[in-house]
Structure formats: structure tokens, C-alpha cells
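These notes concern the structure reproduced below.
One-based numbering, in listed order, for ligands and for the atoms of each.
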Amino acid sequence: MAIEFTKYHGLGNDFILIDNRSSSLPVVTPEQAIKLCDRHFGIGADGVIFALPGENGTDYTMRIFNSDGSEPEMCGNGIRCLAGFLAELEGESRDRDSYRIHTLAGVITPQILPNGLVKVDMGLPRLLAAEIPTTLTPAQEKVISQPLEVAGQTWEVTCVSMGNPHCITFVEDVAAIELETIGPKFEHHPVFPQRTNTEFIQVVSRDYLKMRVWERGAGITLACGTGACASLVAGVLTGKCDRIATVELPGGLLQIEWSEIDQRVYMTGPAERVFTGKLS
Ligand SMILES: N[C@@H](CCC[C@H](N)C(=O)O)C(=O)O
């Protein structure tokens, strides 16, 4: 049976979206997702996202497979794309602009703004070592500016979970980082039992950060929404930036806020539909 899909991207972080609302199991296996994501022999994408029926009273459930077939807990750019995709699926019967989405990282709420951008309530950042998870500090302690040996160099890292793990390091010049070489070494470092996403951040000013990312299960991507949120939180924890900042990624800009009022993180950015097709 042919499966319809729609390709979306959020700042060049691209996804194959599948309408999976009639079943609570993804209609594509992780092995198939690897093939679909292949940029030479498949459609090409950083991941496959499924719109499933809501669980625990939510409107919908999001599941995602990375391009290596692993399943992450959350995806920031992906959930903006999912909001656009759901609006498209609901069509003229749509009577809301925000969705409560069940994810492996908890309930996440994207809202489609009148200007077409999507603002997402990304929830509370998790800061304890056990929550990342990492063995860099004792389980119930935060991981702020800790030394970590990677590739014969000592990096100062701060770790934040947005449901998925992030290791953030502040550098003088993001352009000088050899991501392809160093990224996998962070991802598979033994202090990260569930591997990690790694963000390299250059602080341009207290409200403007430049970021490059190596994603767990996907490698170099043009943007990472959870990574931008985690990086702003790391910047606040280390005193390097304000609670509201623009994060510049290779694919474009995200606006991130770590609210002083409710301590939740809010991300605003685009979601662009690219094309549709059928898997046979
Ligand atoms: N690109 C995403 C994150 C996708 C999941 C990540 N690769 C992981 O394994 O945690 C984003 O925009 O947040």
C-alpha cells in the first residue's frame, strides 16, 4: 500500500512527515526510516516524523526516528513542522491554532502565530546529571562548566536536557570548529550513556548567539531547536547571556526565551512545507 508523506523543514533541519493518525504504531520501521532519510538513495531528511493519535488527553502524539533509525525523545524544529502539517491535515475543519502534543519528553505545545511562525512551549529544562543523563558530576548535581577531555583537548561543557540530551561548549569562533571530526567523539563519549547532541556556541552579545551543532543520530544539521533552547539555558547558567536571545544557526534564526516567570523555555521559528509524495 502506498504511504503518503509531506516533506517539511525548519531552518533546513528537514523531515519526512507521515499522517499516522489511524494507528498508534508508526507505519514505517526504523530500518525503513534510515533508507528514506538517505540523501542519495532515498528522499533525504534528518528524520521521519509521525503524527499519531493523542495519548493521555493530548490532541496528537509525535514520534520521530533520526536518520540513523534511533528514536529521540523530542525535536524542536520537528514539532514546529508537525504543527504546520497538522494544520494542513485538519484543513477547513481546523478550529484551533495550538496543539497539545504527547512526546517522549512530556507534553509540548506548539502554537501557529498569525504571521505563520510557530511558537513552542518547550517545557522545563532538566539540569541534573541523572536527567541528562551524564556521569560528569554526581547524579543529583548540575553540570555547569565542567572539564571534559575530547580528542586530546579539554573542553568546558554545560549539560542541559530538553527531554533529549545536550552538551554545550562556548567557543571563540564557531566557524573554526571541525564538526565532522569532533562531533562524533562528543556523541559517543562514555560520560553520555544515551549519547548526546553537542552545540558549539559563540556569544556575539548577551542577546545573540551563533551556534553549530552535531546531532545525536543525525550528524551535522543546519539547525536544532532543542539544541538552541538548551544553549540559551546554558548561556544563562554560566552568566554569558540574557534570558531572551536570538540564536543564529547555519539554516537561519530562532528566538529563544527562558521565562523568569514560569521557568519554561519558549522557541519561535518557521516551519516550511516543501513537497508531497508517495512511498510505494
Ligand atoms: N533536530 C532536532 C533534534 C532531533 C533529535 C536529536 N537528534 C536527538 O537524538 O536528540 C531539534 O530541532 O530539536
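Side-chain N/O atoms of Thr221 and Glu215 include a donor and acceptor closer than 3.5 Å. In the model, Asn56 has no side-chain atom that pairs as donor or acceptor with a side-chain atom of Thr58 under 3.5 Å. In the model, Glu272 has no side-chain atom that pairs as donor or acceptor with a side-chain atom of Tyr8 under 3.5 Å.
A salt bridge links Asp59 with Arg96; the closest basic N to acidic carboxylate O contact falls under 4.0 Å.
Here is the list of ligand 1 atoms found below 4.0 Å of a heavy atom in Thr226: 3 (C), 11 (C), 12 (O), 13 (O). Listed by number with element, the atoms of ligand 1 under 4.0 angstrom from any heavy atom of Pro72 are 5 (C), 8 (C), 9 (O), 10 (O). Near Asn77, meaning under 4.0 Å from any of its heavy atoms, are these atoms of ligand 1: 11 (C), 12 (O). When each atom of ligand 1 is checked for a heavy atom of Gly76 under 4.0 Å away, the hits are 11 (C), 12 (O), 13 (O).
Asn197 OD1, 3.4 Å is the protein heavy atom nearest to atom 6 (C) of ligand 1. Counting only heavy atoms of the protein, atom 3 (C) of ligand 1 lies nearest to Glu215 OE1, 3.4 Å. Among all non-hydrogen protein atoms, the one lying nearest atom 12 (O) of ligand 1 is Gly225 N, 2.6 Å. The protein atom (non-hydrogen) at minimum distance from atom 2 (C) of ligand 1 is Cys75 SG, 3.1 Å.
Within the 4.5 Å cutoff, the side chain of Arg80 has heavy atoms near those of the Leu254 side chain.
From Met122, atom CE reaches atom CE of Met267 across 4.5 Å, with rounding to the nearest 0.5 Å.
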